[in-house]
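Remember, it's 1-based here, ligands and their atoms both numbered in the order they're listed. In what follows, residues are counted from 1 in the order of the sequence shown. Model, not experiment: these values are computed from the prediction.
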Amino acid sequence: MNNFTFTNPVKIIFGKDTIKNITSEIPAGSKVLITYGGGSIKKNNVYEQVINALSSFEYTEFSGIEANPHFETCMKAVALIKEKHIDYVLAVGGGSVIDATKFIVAAACFDDSDPWQILSKGLEIKKALPFGTVLTISATGSEMNDGGVITKAATQEKLAFSSPLVFPKFSVLDPTVTFSLPPRQIANGVVDAFIHVIEQYLTYNEGDSLLQDLMSEAILKTLVLEGPKALENPTDYDVRANLMWASTWALNYWISCGVPQDWATHMIGHELTAFYGLDHAQTLAIVLPGVMTRLKDQKAKKIKRLGKEVFGLQATSDSELIDKTIAAVEGFFEQMGNKTHLSDYGLGEDAIKKVEKRFIERGWKLGECKNITSDVVVEILRLRL
Ligand code: NZQ
Ligand code: ZN
């Protein structure tokens, strides 16, 4: 196991009817900005619960944060914060609203220069407003981590940032609010969380971080068992609760302690979203089987372990077990309703060329061994035509 430090300061308030608790989590007298998305919270009673809980506060609303949130939209919220002298932000939504809010609270205190440089140049965040979240979709883990992903619409760039200053102060996780998710978002959430675990688990590493491996397998099994049930019965509370907690644990940095990490599937997927607008998890379901196939020798031990421990597979040879495991992963994504090939979205060689150009320009070397160069990205995507 590698050396590591671990901090996660986010207070989790979990369960039915817990949104009302935000009243006591936000310091009295705060001037609050509520950030949210395209309006789903007004259809499922979440908005009313939030407004009731904030009745003793002075608050302003900022709505219209889009999926894969735009830098341009975030900067409008920053202007509102400055105009209204806001000193606390409450994000009500999924990964997009929470990520946007992380960027907004940092950009509002970023005096140096253009806040886009937090993303484009990795400039350090030195100050941020405090914020809490009310999570409405179990997927990204953003509710309990300090990362975010923002898109600049003008240049079609989707880039990630992180800072310990943008951990939420608290996150309310009420599984009942996810009852209203459409099947596409149920599937996206399960697939995204599954691949978050894979990015931290499915590396060359095997056997020296047993607790992290077993914990990862527990999260993966929970997603495999409960995901299809959520599609069949969207209002099963325990299923939703298990999915919500599993998704949070998939990316709250616990399972990444002391282990190598991959993240190539995410980085390649981000380009497909930036250029073609595919949902985040739709891109991942296409890319991951390609990464597993192209890197099956490097990841062989872990792929076999995934097949046996999570999918209960057996085979007469190692290569058969590896192939069966990759097929099982792809089959699970399809079972959830996420397509797994570029052609399912009308994409082909042109898209691959566009992504290749970006990786050449950036000179990125991805994966746990930093051996996924632009030419390997092309090979991975050609496996997914
Ligand atoms: O905008 P509204 O109207 O609220 O609708 C949303 C949106 O259209 C809808 N929705 C959310 N909760 C709902 C609901 N509809 C009905 N009932 C509810 N309870 O779902 C749609 C998708 O929401 P979004 O927030 O985009 O989904 P998700 O949580 O999957 O977030 C995706 C974003 O998170 C980033 C992705 O790149 C993407 O931009 N990620 C963030 C990560 C992080 N911070 O750690 C890690 C991830 O890998 C990911 O990159
Ligand atoms: Zn993700």
Would you call E379 and R294 a salt bridge, taking side-chain N to carboxylate O under 4.0 Å as the test?
yes
For ligand 1 and G38, I'd like to know whether there is a polar contact (N/O to N/O, distance under 3.5 Å).
yes
Measure E66 to ligand 1 on non-hydrogen atoms and call it side chain, backbone, both or neither using the 4.0 Å cut-off.
neither
Polar contacts were defined as any N/O atom of the residue lying under 3.5 Å from an N/O atom of the ligand; does this apply to S180 and ligand 1?
yes
Side chain or backbone, does V149 bring an N or O within less than 3.5 Å of an N or O on ligand 1?
no
Tell me the nearest of N68, N44, V97 to atom 38 (C) of ligand 1, using heavy-atom distances.
N68
Any heavy atom of T140 under 4.0 Å from ligand 1? The part involved is both
Looking only at protein heavy atoms, what sits closest to atom 29 (O) of ligand 1 is G95 N, 2.7 Å
Between the main-chain N or O of P234 and the side-chain N or O of R240, is there a donor-acceptor pair closer than 3.5 Å?
yes
Say whether, by atom type as modelled, one donor and one acceptor occur between the side chain of T248 and the main chain of M244 under 3.5 angstrom.
yes
Considering only protein heavy atoms, which is closest to atom 8 (O) of ligand 1, and at what distance to one decimal place?
Q185 NE2, 4.6 Å
What part of I41, side chain, backbone, both or neither, has a heavy atom within less than 4.0 angstrom of ligand 1?
neither
E206 and salt bridge (Lys or Arg N to Asp or Glu O under 4.0 Å): which single residue from K299, R305, K308 fits?
R305
Hey, is ligand 1 close enough to G147 that some N/O pair sits below 3.5 Å?
yes
Looking only at heavy atoms, is any part of N145 under 4.0 Å from ligand 1, and if so is it the side chain, the backbone, or both, or is it neither?
side chain
Check whether Y237 forms a cation-pi arrangement with K16 (NZ or CZ under 6.0 Å from the six-membered ring centre, at most 45° off the ring normal).
yes
Mark up the atoms of ligand 1 that fall under 4.0 Å of a heavy atom belonging to H266, in ascending order.
48 (O)
Does the Lys NZ or Arg CZ of K42 fall within the cation-pi geometry relative to Y47 - under 6.0 Å from the ring centre and within 45° of the axis?
yes
Is E361 salt-bridged to K357, going by a charged N under 4.0 Å from an acidic O?
yes
Please classify the S96 to ligand 1 contact at 4.0 Å (heavy-atom distances, strictly less than): side chain, backbone, both or neither.
both
Please check this pair: side chain of N8 against backbone of N252, looking for a donor-acceptor N/O pair closer than 3.5 Å.
yes
Within rounding of 10°, what is the angle whose vertex is the Zn ion (ligand 2) and whose arms end at NE2 of H196 and NE2 of H266?
90°
Any N or O of P182 that comes nearer than 3.5 Å to an N or O of ligand 1?
no
Do NZ/NE/NH1/NH2 and the carboxylate oxygens of D236 and K229 come within less than 4.0 Å?
no
Does the protein put any heavy atom within less than 4.0 Å of atom 31 (O) of ligand 1?
yes
Going by heavy-atom distance to atom 18 (C) of ligand 1, choose the closest among L181, L135, D279, T176.
L181
With rounding to 10 degrees, H280 NE2, the Zn ion (ligand 2) and D192 OD1 define an angle of 90°
Please check whether D99 reaches ligand 1 - meaning an N/O of the residue sits under 3.5 Å from an N/O of the ligand, judged on distance alone.
yes
Validation row, ring centre F161 to ring centre F103 under 6.0 Å:
yes
